[in-house]
Amino acid sequence: MVFKSKIDIWMAAMFIIVPTLMIYGVITEPDIISLVVTIAIIALLAILFFGTKYVIQDNKLIIYGGITKTNIDIAKIHSLRPSKNPFSAPAMSIDRIEITFDPDMQMTLVSPKDKENFVKKLLEINPTIKLIH
C-alpha cells in the first residue's frame, strides 16, 4: 500500500519559486555553469517533490525521501506520535508522525497524506505499537 506525502502550501511554493528564480537567472545571464547547476537543482527538487512516499509492503515500511530509501521492519516499531518537528525528514509537511523503532530506539519523521489509514495499517501488522498523543 502506497501513502503519498502530505504537501504544505509553503513547501509547494518554495518548490515553485526557487526553480523559477533560477531559470530567470539563467535566462538573464546565461552561462553553462549556471545552466548545469539549475538543471541539477530542479531535478533534485522534482525528485523530492514527487518521490516522497511511504510504502507498506509485507511487514516492511519503506520510506522514499527523494534520493534516499529507508526500510523499517514494522515489527520493530515501538511508538507513533504526532509531531510538528521542523528538522529535515522525508516529509513534505510539518504535520508529521514520529516513528520510534529498533535498533537502538531510532527515530524518523513522516507526513502521510492519509495519516489515519497509515497508522491503522501499521497497527494491523504490529498491534503492539504504542500511540502517544
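For the single chain, residues carry numbers from 1 onward in sequence order.
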#### Entry: The single option from Ile129, Thr128, Ile74 passing side-chain contact (heavy atoms from CB on, under 4.5 Å) against Leu123
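Single pass found, and it is Ile129.
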#### Entry: Option among Thr70, Ile72, Leu61 that satisfies the side-chain contact (heavy atoms from CB on, under 4.5 Å) test with Thr108
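Option passing the side-chain contact (heavy atoms from CB on, under 4.5 Å) with Thr108: Ile72.
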With side chains defined as the heavy atoms from C-beta onward, is the minimum distance between [X] and [Y] less than 4.5 Å?
X: Asp95; Y: Lys84; result: yes
X: Ser5; Y: Tyr54; result: yes
X: Phe3; Y: Val110; result: no

#### Entry: Donor-acceptor contact below 3.5 Å, side chain Ser34 vs main chain Pro30
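Side chain of Ser34 to backbone of Pro30: no pair is present.
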When hydrophobic residues are tied together by side-chain contacts of less than 4.5 Å, even through go-betweens, does [X] share a cluster with [Y]?
X: Phe50; Y: Ile39; answer: yes
X: Val119; Y: Met1; answer: yes
X: Ile125; Y: Val2; answer: no
X: Met22; Y: Ile32; answer: yes
X: Val26; Y: Ile41; answer: yes

Which heavy atom of [X] sits nearest to which heavy atom of [Y], and what is that distance?
X: Phe101; Y: Ile77; value: CB-CA, 3.9 Å
X: Ser93; Y: Asp8; value: OG-OD1, 2.7 Å
X: Asn85; Y: Arg96; value: O-NH1, 2.8 Å
X: His78; Y: Asp102; value: NE2-OD2, 2.9 Å
X: Ile94; Y: Pro86; value: CD1-CA, 3.8 Å
X: Ser111; Y: Met92; value: OG-N, 3.2 Å

If I take atom [atom1] from residue [X] and atom [atom2] from residue [Y], how far apart are they, to the nearest 0.5 angstrom?
X: Ile7; Y: Lys113; atom1: CD1; atom2: NZ; answer: 7.0 Å
X: Asp73; Y: Asp58; atom1: CG; atom2: CG; answer: 11.0 Å
X: Leu35; Y: Ile23; atom1: CG; atom2: CD1; answer: 10.0 Å
X: Met14; Y: Met11; atom1: CE; atom2: CE; answer: 5.0 Å
X: Leu131; Y: Ile97; atom1: CG; atom2: CD1; answer: 9.5 Å
X: Thr38; Y: Ile33; atom1: OG1; atom2: CD1; answer: 11.5 Å

### Parallel, tilted or perpendicular, as decided by the 30° and 60° cut-offs, for the rings of Phe15 and Phe49
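Aromatic pair Phe49/Phe15 classed tilted.
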#### Entry: More than 12 heavy atoms of other groups within 6.0 Å of Glu116 CD
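Counting neighbours around CD of Glu116, 12 or fewer heavy atoms of other residues, nucleotides or ligands fall under 6.0 Å, so no.
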### Task
Count the heavy atoms of every other residue, nucleotide or ligand shown that sit under 6.0 Å from NZ of Lys115, and state whether that count exceeds 12.
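Correct, the count exceeds 12.
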